[in-house]
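Encoded as C-alpha cells, the structure appears first; notes follow it.
Reckoned from all heavy atoms, side chains included, excluding hydrogens, waters and symmetry mates.
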Amino acid sequence: MHLSAIQQKYFAWDLSHKKSTGDDSRFTGVLSEARVDLNPHQVDAALFAFKSPLSKGAILADEVGLGKTIEAGIILSQSWAEHRRRILIVVPASLRNQWNLELREKFFLPSTVLVRSSYDDLIQLKKRPFEQDAIIICSYHFAAKHADEIHSTNWDLVVLDEAHKLRNVYKKNNKISKAIRNALQPYKKVLLTATPLQNNLNELYGLVSIIDGNYFSNIDNFSDEYNAVSTRDAARFGELKARLQNIIQRTLRRQVQEYVRFTKRTAMVQDFSLNPAEQELYDKVSDYLARPLLFAIPDIIRPLMAITIRKIMASSSYALSFTLNTMKHRVEEYLATGKAKRLIDALSEDDEILDEDDFDESGGMAVPEEFASVEMAEKAMKEEIRDLESYISLAKSVGEESKAKALVGALALAFQKMEKLGARRKALIFTESRRTQDYLKRYLDAHGYGGRIVCFNGTNDSPETKGIYSRWLSRHKGSDRVTGDPLIDKKQALTDYFEEEADIMIATEAGAEGINLQFCSMVSARWSSTTICRGIPRGSSSA
C-alpha cells in the first residue's frame, strides 16, 4: 500500500506519541481535549485502572459524587485514541441515555444505545448489532439476554457502571450476573461502584471474580480465609487489604476536601396521611396483586410488575388509573379475540416508569390450567374486568391527592428558607411517572405557581416544551450553543428556561440524565415520598 507524504508524517507522529501503560503522561493528549474539569484523584484512578499490561481490569470504587464516570471517560478516550475501539458499556437501563450524552458532550466519543428495537432493526439489515463504529451502550438485562453474542465479540474494553448489581454473582441462582460474568470473562473490564460491599465480604469476592475469576480461587476458599471472624485479626485483615489494593481503587470524600467543594444539604420532611379514598384504593389494589391467579399480569413478570404497580400507586392515584385501565383493556382484548398485546408494550406507551429491558415477557396471554373449562375461565376474566373497573373508578374519585396538598405546603416553607439563606428560588421535583408529572403541573398551576413551572421528560413533546425550544433556537441562532442535535438542544433549552425563568422543574428520570442543574437549590428526591433537601440532585451536576 502506498502512503502519501502526509500519511507517512501522521503515522510517524502517532507512533512517536504512543505511551506505555506505566507512563503517567499517557493521558496528556486525552485530557487536553476533554470538556471536563478534572480533579487529581480522577486522573490517579484512570492511571490505576490499567497500570499493568497484564491487568484484566480494575474496580473504581470512589464514594458517591467523586466522578467515577469521568474516570471511566478518561480511560475510554485513551482506548479510542489508541484505536482500540471495540468498547462496551453496561449500565442500569435508566442511565443509558446519560452515558450516551456525556460521552458525546464531554469526551467527543461516538456512542450508540442498543435496545430491543434498534437491535431488531440492525438484524433485519443483516448487520451485527454489537459491531459498530461507536461505543456500544446497553442495560444489564439486555447484556444478559445477548450474552452469547457479547462473548463472541472481541472487546478491547468493557465498562460496568453501578457494578454492585453483580456483587452476588457467586450465589447459585443469580442467572443474570453469571451470564454477564461468563460473557465478559476474557476481556479487560472497569467496574464502577460506590458500594463494593454492603452485607458481607463475599460480595467483594463476587465483584473481583467479574474482573478475574481466579484472583481469589473460589468462593469457599475466600470465605474460609476472610470471614467476619478471621478478618478481626490484624494480620489477616492486612493481607486482604493488600491483595485488594492491586485491583480496587477507592477515594473517600474526606480525602479530596481540599480541592472539591461539597454543597451542604439541609433535609426537610413534610408529613402527610392518606385520605379515606386513597387508603381504600391502596388496600384493594394490594389485595388484587396478592391473588393466586391473575389474567392481566403474566406470571413470568408478576413479581416485578407487582413492584412496578406499587411504585405507580405511590406516585399518584391519577397515574394508577391509567395503568389499571391498560390492564383492563388487555383482559378485554383477550376475552374478545383470544390474543393480547404484551403488557410491557402496552404500559410503556403510556409512561416512563417501565423499561422493557427490565422484564422478560415471552409468550402471550394463556388460560391457566387451574380452570376446568373455557366457560369458567371466561367467567373469571369478566369478574377481574369488573374488579379493575371498580379500582379505576375509585382512583378517579380521589380528586385532590394528599401528597400533592402536602407538597404545596412544603414548597412554601422551603422557598421561605431559601430566601433567608440567599439561595435561588429553584426547586426540582422528581417523579417516576409522566402521568403524575401532568397531574402535578396542573395542580401546582392552580395553587399559586402558574407560569412558573417547566416539565422535563423522555419525550419533551408538549406544546409548552415545543414553544420553549422554538424560542431558544431563535435566540441562539448562529451561535455554537446550538449543536444541531435536537435531543441535546431541547434539553439545554429546557434547562436554560428553568434557570432563567421558572421556579420549579418537574422531571421524570430523564431529568437526571446528562443535564447541568447545579444552580438548583432544592430537590424532591422522588415523588414516592415528600422528602425535600437543599443541594444538587444526584446525577444532574456537570463534571
Do Tyr318 and Thr436 have side-chain heavy atoms sitting under 4.5 Å apart? no
Any side-chain donor paired with an acceptor under 3.5 Å for Arg435 and Ser315? no
Flag side-chain contact, heavy atom, 4.5 Å: Val398 against Leu394: no
Pair Lys328-Glu332, salt bridge (Lys or Arg N to Asp or Glu O under 4.0 Å): steps then yes or no: CA-CA 6 Å; Lys328 178 180 78 78; Glu332 289 174 333; 3.1 Å; yes
Which pair of heavy atoms, one from Glu102 and one from Thr69, lies closest together, and at what distance? OE1-CG2, 3.5 Å
Side-chain contact, heavy-atom cut-off 4.5 Å: Val113 with Ser118? no
Checking side-chain contact (heavy atoms from CB on, under 4.5 Å) for the pair Ile468/Val454: CA distance, chi angles, key distance, verdict? CA-CA 9 Å; Ile468 292 170; Val454 60; 4.0 Å; yes
From CE (Met505) to CD1 (Ile429), nearest 0.5 Å: 11.5 Å
Ignoring hydrogens and angles, state whether a donor on the side chain of Ser390 or Ser393 is under 3.5 Å from an acceptor on the partner side chain. no
Do you know the tightest heavy-atom contact between Ala507 and Gln437? CA-NE2, 3.9 Å
Heavy-atom pair of closest approach, residues Ala163 and Leu207: O-CD2, 3.2 Å
What's the verdict on salt bridge (Lys or Arg N to Asp or Glu O under 4.0 Å) for Glu378 and Lys382, showing C-alpha distance, side-chain angles and the deciding distance? CA-CA 6 Å; Glu378 290 179 350; Lys382 291 176 180 178; 5.3 Å; no
May I have the step-by-step check of ring-ring contact (aromatic ring centres under 6.0 Å, His included) for Phe498 and Phe456, ending in yes or no? CA-CA 10 Å; Phe498 180 30; Phe456 193 110; 9.8 Å; no
Within the distance-only criterion (no hydrogens, no angle test), does the side chain of Glu63 pair as donor or acceptor with the backbone N or O of Thr251 below 3.5 angstrom? no
Euclidean distance, Met313 CE relative to Lys311 NZ, rounded to 0.5 Å: 13.0 Å
Inter-residue atom distance Asp496.CG - Lys491.NZ, 0.5 Å rounding: 14.0 Å
Using the six-membered ring wherever Trp is involved, compare the ring planes of Tyr288 and Tyr391 and label them parallel, tilted or perpendicular (cut-offs 30° and 60°). perpendicular
For Leu192, run the side-chain contact (heavy atoms from CB on, under 4.5 Å) check against Asp62, Val91, Asp161, Ile89 and tell me which one passes. Asp161
Does Arg96 pair with Glu162 as a salt bridge, N-O distance under 4.0 Å? no
Minimum heavy-atom distance between Leu494 and Cys455, given as atom pair plus value: CD1-O, 3.9 Å
Before giving the answer on side-chain contact (heavy atoms from CB on, under 4.5 Å), spell out for Ile297 and Ile309 the whole-Å C-alpha distance, their side-chain angles and the decisive distance to 0.1 Å. CA-CA 11 Å; Ile297 306 175; Ile309 291 172; 3.7 Å; yes
Sub-4.5 Å side-chain heavy-atom contact between Gln132 and Leu114: yes
Donor-acceptor check, side chain of Asn460 to backbone of Asn457, threshold 3.5 angstrom: yes or no? yes
Are Lys441 and Asp445 ion-paired here, with the side-chain N under 4.0 Å from a carboxylate O? yes
Worked check of side-chain contact (heavy atoms from CB on, under 4.5 Å) between Trp472 and Asp489: CA-CA 9 Å; Trp472 184 87; Asp489 289 342; 3.7 Å; yes
Glu500/Arg471 under salt bridge (Lys or Arg N to Asp or Glu O under 4.0 Å): CA gap, chis, key distance, verdict: CA-CA 13 Å; Glu500 297 165 3; Arg471 293 191 294 273; over 6 Å; no
Please report the interatomic distance OG1(Thr337) to CG(Leu335), rounded to the nearest 0.5 Å. 9.0 Å
Residues, nucleotides or ligands: over 12 heavy atoms within 6.0 Å of Glu419 CD: no
Answer yes or no: are there more than 12 heavy-atom neighbours, outside Tyr449 itself, under 6.0 Å from its atom OH? yes
Does Glu499 form a salt bridge (Lys or Arg N to Asp or Glu O under 4.0 Å) with Arg424? I'd like the steps, not just the answer. CA-CA 9 Å; Glu499 182 175 11; Arg424 299 186 67 181; 3.6 Å; yes
Over all atoms of both residues, closest heavy-atom pair of Val482 and His476: CG2-O, 3.4 Å
Under 3.5 Å: donor-acceptor pair, side chain of Lys403, backbone of Ala314: yes
Do Arg310 and Ser286 pass the side-chain hydrogen bond (donor to acceptor under 3.5 Å, both in side chains) test, and can you show the C-alpha distance, the side-chain angles, and the key distance before you say yes or no? CA-CA 8 Å; Arg310 289 184 182 279; Ser286 295; 3.1 Å; yes
Can a donor-acceptor pair be found between the side chains of Glu278 and Ser317 at a distance below 3.5 Å? no
Whether Arg452 and Glu501 form a salt bridge (side-chain N of Lys/Arg under 4.0 Å from carboxylate O of Asp/Glu) is what I want to check. no
Measuring from Leu281:CG to Lys396:NZ, what's the distance to the nearest 0.5 Å? 12.5 Å
Given Ser111 and Asn100, is the side-chain hydrogen bond (donor to acceptor under 3.5 Å, both in side chains) satisfied, shown in steps? CA-CA 6 Å; Ser111 60; Asn100 191 28; 2.5 Å; yes
4.5 Å side-chain heavy-atom contact, Tyr443 and Leu407: no
Verify side-chain hydrogen bond (donor to acceptor under 3.5 Å, both in side chains) between Thr323 and Thr326, making sure each step is shown before the conclusion. CA-CA 5 Å; Thr323 301; Thr326 299; over 6 Å; no
Parallel, tilted or perpendicular: ring planes of His146 versus Phe142, cut at 30 and 60 degrees: tilted
Any side-chain heavy atom of Leu166 within less than 4.5 Å of one from Ile180? yes
Distance-minimising heavy-atom pair for Leu388 and Ala296: CD1-CB, 4.4 Å
So NE2 of His329 and CD1 of Ile385: to nearest 0.5 Å the spacing works out to 10.5 Å
side-chain contact (heavy atoms from CB on, under 4.5 Å) assessment of Trp99 paired with Val159: CA-CA 11 Å; Trp99 270 90; Val159 174; 4.2 Å; yes
Yes or no on side-chain hydrogen bond (donor to acceptor under 3.5 Å, both in side chains) for Gln124 and Asp120, after CA distance, side-chain angles and deciding distance? CA-CA 6 Å; Gln124 289 287 331; Asp120 290 344; over 6 Å; no
I want to check something: taking the side chain as every heavy atom from C-beta on, are Leu103 and Ile137 in contact at a cut-off of under 4.5 Å? yes
Side-chain heavy atoms of Leu440 within contact of Ile453, under 4.5 Å: no
